[in-house]
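Read the structure below first, then the notes.
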Amino acid sequence: MPSTLPETELHNPQTTKTPLDPHLKALENEAIHIFREVAAEFEKPVMLYSVGKDSSVLLHLARKAFYPGRVPFPLLHVNTGWKFAEMIAFRNDIVKKYDLDFIEHINPRGKAENVTPFTHGSALFTDIMKTEGLRQALDAGGFDAAFGGARRDEEASRAKERIYSFRTPEHRWDPRAQRPELWNIYNGMIRKGESVRAFPLSNWTEVDIWRYIQVEDIPLVPLYYAKERPYVERDGMMILAEDPRLELLPGETIQHGSIRFRTLGDFPLTGAIPSQATNLEEVIAELEIATVSERQGRAIDRDQSGSMEKKKREGYF
Amino acid sequence: MTVSAIAQAASADVTTGTVTAFPATEAARAARDTRPLRLITCGSVDDGKSTLIGRLLWDTKAVKEDQAATLRRDSGKQNDLGLPDFALLLDGLQAEREQGITIDVAYRYFATDKRSFIVADTPGHEQYTRNMATGASTADLAVLLVDARTGLLEQTRRHATIASLMGIKQFVLAVNKFDLVGYDRARFDQITHEFRELALSLGVRQITAIPMSALKGENVVYDGKASMPWYEGQTLVEVLELATVRSAQTVGFRLPVQRVSRPGESFRGYQGTVAGGSVKPGDSVVILPSGMVANVTKIITFDLVRNAAVAGDAITLVLDRQVDVSRGDMIVSIDSQPQVGLDFDAQLVALQAEGIQPGRRYWLKSGSRRQRVTANPVSQLDLKTGSWTQRTGLLPMNGIGKVHLSFDENAVFDAYEQNRTTGAFILIDPDTNNTVAGGMITAKRSSLTDLRSDEARVILSLPADLADQLMATELFSRRRDETDLRRMTAGEASQIFKDAAVDI
């Protein structure tokens, strides 16, 4: 019988689920299409998994795209060693729960030279641990395509990024030499050593991400929800004060307050916001009236104007 | 938010049976009942295009406070309305900022209570053909900008021609900088009339013209009644909210197979996105190009086993028998099949400096299928006049040409006019791997017309009103330059036919 589902079914279809509205359905269909196209056209794809909300949506879509089969490529987490502890615990649970192939990479040079955000500054730290780390991991795995959760609405330089973003063997992105992308026909032809970054969430906005998480009931790292947490104020950011490696500077005190995070990354570089939103409905309600963009809490983007474009040219995701 | 928007959202909730814990004001956003509208904006910097897009983002609150602050800091000075320089918001790449030019297609996102929008923002001057074609390929609607002082320009005709060629059937004419002509209604009527003529000549019938000042925000998101009480039409955003999203559901079922899913020995499913029509279990289908027949037993998605799928749905299809299906094949309805053949006519846009070379072999990708093809140019569109001139040599970059496609193996297409997915393709240079053309299938060439394509003609004698109706169709207007037209009396016509019969 060719029509029976495999016994190792990963997921029980729920027939009572609320259907997606046409808007989210269209975005979901597009993302699934991209996932399938890349998986079919490339020899060795990998999915960059940062444990954040966009990665969580990306993973959910990947599982949908290949159901009833397994996700046919590994997840790659480029760790810096400075992630929130709750992120790592959550990540390990997800990998186990969904039976995923998983790769973790920490730049050995950075580790050996004890590169930290405190000693090297956010720019150099990010360059070594993220950009260089990512390049190392992609080269080591021989991956010719890497899925990422970037959205075009995130930052001005992303607005022109293609869904298939072509990279040289040195992982460089040349904004002037992008291939035209017409209809939903993607050109996946590359030479040996070259690669493509594929962005299934290109057309999603932050609100879309949150609404999709809500309708699809996608689990998230609890840091996205407000809770009474310890923090210190540094350079105008609220830094979570849970990791023993955070040393207080003169004049700093640990404060307590109901805070949450709009994006997750390295705890010393990611600022929290004061919030009372303890669940998804409340987070979305806050978002609908929010007047500050989500990247505002990130130290990386503020280093200099045009900083994201510069990082991307050098191979940062 | 308006009261009616809340009511609408609330009723949408009832019909879909959604239970939501949101307060009423949130429900309106949560229950978005339309697909995102994709649009393209055409016009030059001088027409105020950046200002218009910036105004759309600004007035729909798509620009966040910190982004606005960066903008204010970068722009240094503000204009006299206290607004930042919107062009800085849009021109994202450093290279562009340094040179002060926009060199590529950028995508912008904004939303109202009723709908969300994806704007393809393309440059108005250099290489606009290639960028416009890229942006227009996915657009449902084109906003054409003109400066009220200058009215329609040659470039308006160019932009409109490219947009219609790429299959856009809804035009909005934004008559911008209307404050600078003193909100003169006669001026608006004059420009609108000219534009209507232009659009009709291209076969586009859904046209809306709006007098506006993007700088002052009149008739963009908010109305401009204070300045032009005589204008009772919609604002730009109101038109966009009500515009239709193109749908391929009325044509035959099409599923380009992206991959075959075989998670276990007992299961084989064909994964892809429905590119036209609909399908349900029990339907008979044909696998092309092989021509094998099978029946659909199941439509699987992650959420549920479905009893139907329609155009746009990403699905996994299960058939009732073992047939040879692989990536690149197309599963189609048995009673409405696409064209299969070795030779097709197409129109294409040359996207790279080397142009499209006659006789050269390219890779063609359409849907999930990639195959070898030769493209031989036949004629080129003169964007200045809208007419086609014979040209069999190289089709240069930014040129729009008619070509003959010749394949080594059978190809499967619909006409682009019937299906914007299965009728579209790209050409890839096998040496550089770059995308060198975007193309649209017009027809399959049969061997008969192939032999006589230049000579074969048909003379029809039609009642004048019927002829006028036929000539107003898109198909006709697109090939009008190939036709001869003589108006005469019924008696004269029958005499011609008599004479012709004598010749035979």
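Quick caveat, the model's predicted, so the values are computed rather than measured. We name chains A, B, ... by the order of the sequence lines, and we start the count at 1 in each one.
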Kindly say whether Pro263(B) contributes a backbone atom to a donor-acceptor pair with the side chain of Arg70(A) at under 3.5 angstrom? no

Give a yes or no answer on whether the side chain of Gln258(B) reaches the backbone of His33(A) with a donor-acceptor pair at less than 3.5 Å. yes

Given heavy-atom pairs under 4.5 angstrom as the criterion, report whether the side chain, backbone, both or neither of Gln352(B) touches chain A. side chain

Show every salt bridge (charged side-chain N to carboxylate O under 4.0 Å, His left out) that has at least one partner inside residues 430-440 of chain B, sequence neighbours left out. Arg360(B)-Asp431(B)

Separation between OG1 of Thr273(B) and CD1 of Ile34(A), rounded to the nearest 0.5 Å: 9.5 Å

Greatest number of heavy atom pairs closer than 4.5 Å to chain A - which of Ile118(B), Ile315(B), Val245(B), Thr138(B): Ile315(B)

By side-chain hydrogen bond (donor to acceptor under 3.5 Å, both in side chains), Trp363(B) pairs with (sequence neighbours left out) none

Could you tell me which portion of Arg38(B) (side chain, backbone, both or neither) has an atom closer than 4.5 angstrom to a non-hydrogen atom of chain A? side chain

What's the spacing between Ile185(A) CD1 and Arg370(B) CZ if we round to 0.5 Å? 13.5 Å

Smallest separation among heavy atoms of Ile428(B) and Met189(A), with atom names: CG2-SD, 3.7 Å

Side chain, backbone, both or neither of Ala65(A) within contact of chain B (heavy atoms, under 4.5 Å): backbone

What part of Arg306(B) gets closer than 4.5 Å to chain A, counting heavy atoms only: side chain, backbone, both or neither? side chain

Distance, nearest 0.5 Å, that separates CH2 of Trp183(A) from CE of Met440(B): 5.0 Å

Quick check on the interface: out of Glu41(A), Arg36(A), Arg179(A), who has the most heavy-atom pairs with chain B under 4.5 Å? Arg36(A)

With only heavy atoms counted, which part of Glu181(A) is less than 4.5 Å from chain B, the side chain, the backbone, both or neither? backbone

Bottom line for Arg191(A): the part with an atom under 4.5 Å from chain B's heavy atoms is both

Neighbour count >12 (heavy atoms, 6.0 Å) for atom CG, Asp217(A): no

On a heavy-atom basis, which atom in Ser261(B) and which in Pro68(A) lie closest, and how many Å separate them? OG-CD, 4.2 Å

Considering non-hydrogen atoms only, spot the tightest contact between Arg259(B) and Ala39(A) and give its length. NE-CB, 4.3 Å

Taking all heavy atoms of Ala159(A) and all of Arg108(B), pick out the closest pair and write down the distance. CB-NH1, 3.7 Å

Glu30(A) versus chain B, heavy atoms under 4.5 Å apart: side chain, backbone, both or neither? side chain

Residue pair Met166(B) / Leu182(A): nearest heavy atoms and the distance that separates them: CE-CD2, 4.2 Å

Sort out for me which of Val436(B), Asn434(B), Thr316(B), Val260(B) touches chain A most, counting heavy-atom pairs under 4.5 Å. Asn434(B)

Less than 4.5 Å to any heavy atom of chain B: does that hold for the side chain of Ile190(A), its backbone, both, or neither? backbone

Indicate yes or no for a side-chain donor-acceptor contact from Lys64(A) to the backbone of Thr301(B) under 3.5 Å, with no hydrogens or angles considered. no

Is it the backbone or the side chain of Phe66(A) that comes under 4.5 Å from a heavy atom of chain B, or both, or neither? both

Would you compute the distance between atom OG1 of Thr205(A) and atom OH of Tyr109(B) and round it to the nearest 0.5 angstrom? 9.0 Å

Let me confirm one number: the CD1-CD distance from Ile32(A) to Gln271(B), rounded to the nearest 0.5 Å. 9.5 Å

Which value, rounded to the nearest 0.5 Å, describes the distance between Arg35(B) atom CZ and Lys25(A) atom NZ? 12.5 Å

